[in-house]
Amino acid sequence: MMAAIDFVKEQLRIRAFDGVLTERLVQDPAAHGLGRLPHAFKPDATVHSVCGYCATGCSLKVHLKSGHAVNLSTHTDYPVNLGMACPKGWEALTPLAASDRATIPLLRGRNDELEPVSWGDAMDAFCGRFKSIQEEHGQASVAFLSTGQIVTEEMAFLGSLAKFGMGVVHGDGNTRQCMATAATAYKQSFGYDAPPYTYQDFEESDVLIFVGANPCIAHPIMWQRVMRNQREPEVIVVDPRKTETAMAATQHLAIQPKSDLALFYGLAAHLVQMDAVDQDFINAHTEGYQAFVDFLKDYSLETATAATGLDYAQVSQLARLIASGKRVSFWWTMGVNQSYEGTRLAQSLINLALMTGNIGKPGTGANSITGQCNAMGSRLFSNTTGLLGGRNFESEQDRNAVADILSIPVAKIPDQPSLAYNEIIDAIEAGTIKGLWLIATNTAHSWINQKRFRRVREKLDFLVVQDMSYSTESAEIADLVLPAAGWGEKEGVFINSERRIGLTRKVSQAPGEALSDFNIFRLIAHHWGCAELFEEWTSPEAVFRILTRLSQGMPCDITGIQGYADLERAGGIQWPYQRPEGGARLQTQRRLFEDGKFYRPNGRAKFYFEAPRAMPEPVNEAYPFILLTGRGTSSQWHTQTRTGKSDVLKKLYPKNPYVEINPVDAQALQIRPNSKVCIRSRRGEVEATAVILASVQVGQVFMPMHYRITNQLTASVFDPYSKQPSYKACAVTIHNI
Ligand SMILES: Nc1nc2c(c(=O)[nH]1)N[C@H]1C(S)=C(S)[C@@H](COP(=O)(O)OP(=O)(O)OC[C@H]3O[C@@H](n4cnc5c(=O)[nH]c(N)nc54)[C@H](O)[C@@H]3O)O[C@H]1N2
Ligand SMILES: Nc1nc2c(c(=O)[nH]1)N[C@H]1C(S)=C(S)[C@@H](COP(=O)(O)OP(=O)(O)OC[C@H]3O[C@@H](n4cnc5c(=O)[nH]c(N)nc54)[C@H](O)[C@@H]3O)O[C@H]1N2
Ligand code: SF4
Ligand SMILES: [Mo]
């Protein structure tokens with residue numbers, strides 16, 4: 001009886017505290033430091049902040065006037081962008097003032113409309129609905145899907161709150177759509193998810209091979225770094241399309257979609273035959289080479305030529321360049337990662353770097369370029385498929401280590417990894433997951449095979465969307481919308497493509513009652529009744545210090561960084577970073593594996609390989625074209641919830657959805673420029689404007705992902721190891737309307 005009374009008293013205490021906290025968070029944000037600009041900023045200060053769009057991680061200088069962010073300029077001394085920025089960066093402040101900003105929580109009411117509610121009611125709905133779903137269907141019946149676009153402190157908070165506090169078992173991120181392949185490939189080959197390069201490598205390489213990457217559009221400032229290369233480099237672009245990057249390169253290999261694996265195995269076989277390999281490096285630092293050589297006996301430059309549709313001369317010239325002994329670097333992005341055999345393809349590039357000793361030295365490397373501003377942060381600290389700090393949920397030792405560092409009971413840590421994004425969607429379809437929480441991702445536009453996703457959504461009992469904007473495709477179909485602050489309205493760190501941890505600052509007030517994701521998580525922790533686990537998680541910087549502790553002894557060890565001031569002073573810091581002995585100066589550019597030691601238990605990198613498979617959805621008579629998808633312009637970002645709000649950017653890209661088609665095909669189908677056409681796949685039918693361009697090959701068409709129609713066509717096909725969607729190729733037919 002006493003115990004029951006104590007329990008009730010405790011509940012009342014929590015509720016009373018919650019009430020006060022909620023009131024104060026909403027009515028008097030200054031009480032929690034939410035509303036004020038950080039005290040360090042004078043009303044007319046210039047604040048250094050890292051851009052919140054792509055993974056390049058440029059530093060921007062935001063100028064305040066009377067406490068308001070009025071404009072920005074670039075930062076000449078920052079080692080990433082050296083004073084440059086792309087159109088999205090220049091326009092980074094504009095979306096903050098968009099008219100569709102989410103300013104108050106919305107809850108779907110009796111008449112099926114989303115209606116404004118207080119944060120208190122929103123929290124009651126969030127906790128009440130999710131808890132009752134868990135009571136009825138089990139702990140694992142609520143899941144979350146997060147992002148590579150919130151700060152690392154928020155990602156870690158979300159993953160820890162959901163998994164340790166709310167008993168959620170399954171949570172994944174939109175980084176599954178993007179980086180899972182590279183992460184899996186590195187983990188297997190190197191023993192840890194560790195892109196090895198530093199941006200200086202763009203400038204120090206003699207031969208840069210870009211595979212399935214269009215940095216002119218997607219990472220313009222990385223491309224500027226290539227342009228600064230003084231070594232007269234050969235720049236080779238392997239892409240079915242003659243992209244902006246391919247046009248600027250010294251060589252374009254217009255490969256047939258999804259034939260890359262045959263190309264790189266053919267090149268590897270040729271290098272072996274020519275004895276153009278670095279046998280000393282192979283012997284000292286790798287494992288599995290002989291098995292790889294045995295496997296390669298079926299491959300040659302001839303098989304590569306036959307499979308890819310490339311000229312023999314082109315392929316053999318590439319082989320000669322790789323064999324030349326110069327500094328060769330391999331770079332890849334979504335043309336590799338978003339493939340049904342992406343992991344092995346990424347590893348075919350890793351294998352080439354390893355066998356030629358092109359790793360750990362200036363201008364070399366097997367280098368995956370990341371996409372979103374904090375994709376790398378999510379890979380290490382989102383606590384989704386991997387436990388905090390690049391650990392494993394299955395490992396008792398790892399669970400104990402995390403429980404120890406966080407001072408939480410080890411029983412709170414699940415002993416199984418999360419289902420991947422696609423498996424969470426499958427579980428919703430199967431009826432085992434009933435509640436879903438989306439944070440900073442717009443699944444109802446960006447996920448593959450949208451019609452299926454819309455059908456699956458109907459099976460959810462409760463969908464929560466936490467976003468900056470009311471008008472996203474996902475927010476529109478939510479049961480509860482939690483209004484979030486965006487980039488520039490909160491602080492924390494992003495980790496860029498070269499592992500550089502950079503600080504992003506609060507320079508503007510979030511509108512209305514929108515709260516930073518960080519404070520939304522605090523609020524939820526209190527309402528859920530698990531705040532005692534997060535007593536130390538009081539501010540982003542306090543969490544950053546927790547992250548440094550979590551990194552201790554891991555390959556990403558950043559125990560040398562004491563706080564945000566260190567990051568600001570140093571111009572960002574690449575992981576790993578332990579404090580140098582004797583106070584040695586920090587090098588601003590650092591690459592991994594200079595000592596040839598990899599993270600696998602025996603210190604050696606491993607060769608992974610597997611025979612290429614046929615395309616899951618090849619063309620046929622009914623669907624004779626391969627649809628390629630990707631980035632359209634440097635002024636468009638993903639589902640356009642931010643770049644679609646800038647009048648300046650809107651002038652720089654086509655307003656309406658379009659499809660690019662080769663002139664030969666257009667003529668055969670009597671499609672005229674700018675006419676309306678219908679594109680149909682086995683999953684859907686959409687309309688777009690025809691753009692006739694020789695940059696796409698005959699038999700292929702291209703549609704940018706920024707328009708919501710594109711993913712109505714794509715197919716639910718995934719890489720078996722990384723579970724990343726194969727967005728880049730499906731069969732379609734096209735005709736005039
Ligand atoms: N402006 C802008 N910049 C962005 C983004 C954005 O939305 N807008 N998004 C960011 C994010 S999250 C990401 S992940 C990156 C993506 O950056 P990228 O990967 O560079 O961009 P994509 O256009 O998706 O794909 C790159 C290329 O892959 C090619 N490709 C398709 N199939 C194949 C194939 O089978 N083989 C080969 N070799 N190539 C193929 C496509 O033709 C395309 O040109 O960009 C980041 N930067
Ligand atoms: N067909 C096709 N589809 C693709 C791709 C492709 O190449 N082809 N690429 C895939 C790739 S690589 C990616 S990364 C995904 C991207 O897909 P998404 O992540 O779904 O796209 P975004 O538009 O970036 O969505 C981010 C959402 O977060 C919100 N937001 C921004 N900042 C914040 C914040 O600080 N807090 C909160 N709570 N919300 C915020 C934005 O308003 C927006 O709604 O798309 C994938 N989809
Ligand atoms: S290149 Fe990327 S990080 Fe740099 S300004 Fe453009 S969007 Fe921002
Ligand atoms: Mo991405």
Side-chain angles (χ1 to χ4, degrees), residues 50-58 60 74 80-81 84-90 92 95 102 147-151 154 174-175 177-179 210-215 217-222 224 237-241 243 245-246 253 255-260 263 332-339 345 369-373 375 438-448 465-469 472-475 482-487 489-490 496 516-517 520 628-643 696 702-706 710-711 713-714 725 727-729:
V50 169
C51 177
Y53 281 107
C54 90
T56 307
C58 299
L60 304 170
T74 62
V80 167
N81 50 318
M84 300 176 279
C86 83
K88 294 183 296 303
W90 285 109
T147 184
Q149 294 177 66
I150 56 177
V151 293
E154 292 177 340
N174 69 359
T175 35
Q177 302 165 325
C178 180
M179 301 318 314
F210 287 92
V211 185
N214 189 9
I217 293 291
H219 299 94
I221 302 307
M222 290 192 201
Q224 290 304 318
V237 170
V238 182
D239 193 310
R241 298 187 304 136
T243 59
T245 313
L253 270 59
I255 194 167
Q256 278 304 307
K258 305 294 156 264
S259 63
D260 306 60
L263 173 64
W332 78 87
T333 323
M334 292 308 117
V336 170
N337 284 356
Q338 293 172 343
S339 157
L345 178 52
I369 300 174
T370 54
Q372 303 165 84
C373 52
L438 300 180
I439 305 96
T441 189
N442 188 7
T443 305
H445 173 144
S446 60
W447 186 244
I448 205 158
V465 172
Q466 183 167 319
D467 204 285
M468 288 170 67
S469 167
T472 74
E473 290 88 346
S474 304
L482 300 177
W487 174 87
E489 296 167 344
K490 54 186 181 176
N496 80 354
S516 67
D517 294 288
I520 297 176
L628 303 172
T629 70
R631 273 75 198 155
T633 66
S634 69
S635 307
Q636 285 166 293
W637 181 257
H638 294 164
T639 72
Q640 290 276 57
T641 64
R642 290 194 277 165
T643 41
V696 284
F702 173 77
M703 289 174 76
M705 61 159 302
H706 311 297
T710 303
N711 278 322
L713 301 171
T714 49
Y727 284 110
K728 291 273 187 269

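No hydrogens, no waters, no symmetry mates; every other heavy atom, side chains included, goes into these values. None of the values given here were measured: they were computed from a predicted structure. For ligands, and for the atoms within them, numbers begin at 1 and follow the listed sequence. Index from 1, following the sequence.
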Using a 4.0 Å cut-off to any heavy atom of [X], which atoms of ligand 1 qualify?
{"X": "Ile217", "result": "1 (N), 2 (C), 3 (N)"}
{"X": "Thr243", "result": "44 (O)"}
{"X": "His219", "result": "15 (C), 17 (O), 45 (O), 46 (C)"}
{"X": "Pro257", "result": "35 (O)"}

Return the option from [options] holding the heavy atom at the smallest distance from [atom].
{"atom": "atom 23 (O) of ligand 2", "options": "Val151, Thr639, Thr629", "value": "Thr639"}
{"atom": "atom 39 (N) of ligand 1", "options": "Ala246, Pro87, Cys54, Pro240", "value": "Pro240"}
{"atom": "atom 19 (O) of ligand 2", "options": "Thr333, Asn174, Thr175", "value": "Asn174"}
{"atom": "atom 30 (N) of ligand 1", "options": "Gly335, Ala729, Ser635", "value": "Gly335"}
{"atom": "atom 42 (O) of ligand 2", "options": "Thr443, Asp467, Ile520, Leu713", "value": "Asp467"}
{"atom": "atom 12 (S) of ligand 2", "options": "Gln466, Arg631, Glu489, Arg642", "value": "Arg631"}
{"atom": "atom 16 (C) of ligand 2", "options": "Glu154, His445, Met334, His638", "value": "His638"}
{"atom": "atom 26 (C) of ligand 1", "options": "Pro220, Gly212, Cys86", "value": "Gly212"}
{"atom": "atom 47 (N) of ligand 1", "options": "Ser634, Ala218, Pro215", "value": "Ala218"}
{"atom": "atom 33 (C) of ligand 1", "options": "Lys258, Arg241, Lys728", "value": "Lys258"}

Practice problem: Check whether the side chains of Trp637 and Gln149 place a donor and an acceptor atom closer than 3.5 Å, and report yes or no. | Solution: yes
Practice problem: Report yes or no: do Ser474 and Asn442 form a side-chain donor-acceptor pair below 3.5 Å? | Solution: yes
Heteroatom proximity flag, [X] to ligand 2, N/O under 3.5 Å:
{"X": "Asp517", "answer": "yes"}
{"X": "Thr710", "answer": "no"}
{"X": "Trp487", "answer": "no"}
{"X": "Gly630", "answer": "no"}

Residue and atom name of the nearest protein heavy atom (relative to [atom]), distance in Å to one decimal:
{"atom": "atom 38 (N) of ligand 1", "value": "Asp260 OD2, 2.6 Å"}
{"atom": "atom 13 (C) of ligand 1", "value": "Gly371 CA, 3.3 Å"}
{"atom": "atom 44 (O) of ligand 1", "value": "Asp239 OD2, 2.7 Å"}
{"atom": "atom 8 (N) of ligand 1", "value": "Gln636 O, 2.6 Å"}

Give yes or no for whether the N/O distance cutoff of 3.5 Å, strictly under, is met between [X] and ligand 1.
{"X": "Asn214", "value": "yes"}
{"X": "Trp637", "value": "no"}
{"X": "Gln372", "value": "no"}
{"X": "Gln256", "value": "no"}

Looking at [X], which atoms of ligand 2 are within less than 4.0 Å of one of its heavy atoms?
{"X": "Asn442", "value": "18 (P), 20 (O), 25 (O), 44 (O)"}
{"X": "Thr472", "value": "44 (O)"}
{"X": "Gly486", "value": "35 (O)"}
{"X": "Asn711", "value": "1 (N), 2 (C), 3 (N)"}
{"X": "Cys178", "value": "12 (S), 14 (S)"}
{"X": "Gln338", "value": "5 (C), 6 (C), 7 (O), 9 (N), 10 (C), 11 (C), 12 (S)"}

Quiz prompt | Test log, rule side chain to side chain contact (heavy atoms under 4.5 Å, CB included), inputs Met84 and Thr74 | solution = CA-CA 6 Å; Met84 300 176 279; Thr74 62; 5.9 Å; no
Practice problem: Just do the side chain to side chain contact (heavy atoms under 4.5 Å, CB included) check on Leu253 and Val237 with the steps written out, would you? | Solution: CA-CA 6 Å; Leu253 270 59; Val237 170; over 6 Å; no
Quiz item: Looking at Gln636, His706, His638, which one forms a side chain to side chain donor-acceptor pair (under 3.5 Å) with Arg631?
Solution: His638
Would you check whether [X] reaches within less than 4.0 Å of ligand 1, judged by its heavy atoms?
{"X": "Lys88", "answer": "yes"}
{"X": "His706", "answer": "yes"}
{"X": "Thr643", "answer": "no"}

For ligand 2, note which part of [X] has a heavy atom under 4.0 Å away: side chain, backbone, both or neither.
{"X": "Ser446", "answer": "both"}
{"X": "Met468", "answer": "both"}
{"X": "Thr641", "answer": "side chain"}
{"X": "Ile150", "answer": "side chain"}

Exercise. Run the numbers on Thr641 and Met468 for side chain to side chain contact (heavy atoms under 4.5 Å, CB included), then give the verdict.
Key: CA-CA 9 Å; Thr641 64; Met468 288 170 67; over 6 Å; no
Calculate, to the nearest 0.5 Å, the distance between atoms [atom1] and [atom2] belonging to [X] and [Y] respectively.
{"X": "Asn337", "Y": "Cys178", "atom1": "CG", "atom2": "SG", "result": "7.0 Å"}
{"X": "Ile369", "Y": "Thr333", "atom1": "CD1", "atom2": "OG1", "result": "4.0 Å"}
{"X": "His445", "Y": "Asn711", "atom1": "NE2", "atom2": "CG", "result": "6.5 Å"}

At a 4.0 Å cut-off, with the gap strictly under it, does some heavy atom of [X] reach an atom of ligand 2?
{"X": "Ala485", "value": "yes"}
{"X": "Thr147", "value": "no"}
{"X": "Lys490", "value": "yes"}

Quiz item: Looking only at heavy atoms, is any part of Thr370 under 4.0 Å from ligand 1, and if so is it the side chain, the backbone, or both, or is it neither?
Solution: neither
Practice problem: Give every protein N, O or S atom lying under 2.8 Å from atom 2 (Fe) of ligand 3, naming each by residue and atom. | Solution: Cys54 SG
Quiz item: Looking only at heavy atoms, which two atoms of Pro725 and Trp447 are closest? And how far apart?
Solution: CG-CZ3, 3.6 Å
Quiz item: Hey, is the main chain of Pro704 close enough, under 3.5 Å, to the side chain of Thr710 for a donor-acceptor pair?
Solution: yes
Self-check item: Main-chain N/O of Gln177 paired to Tyr727 side chain as donor or acceptor, under 3.5 Å
Solution: no
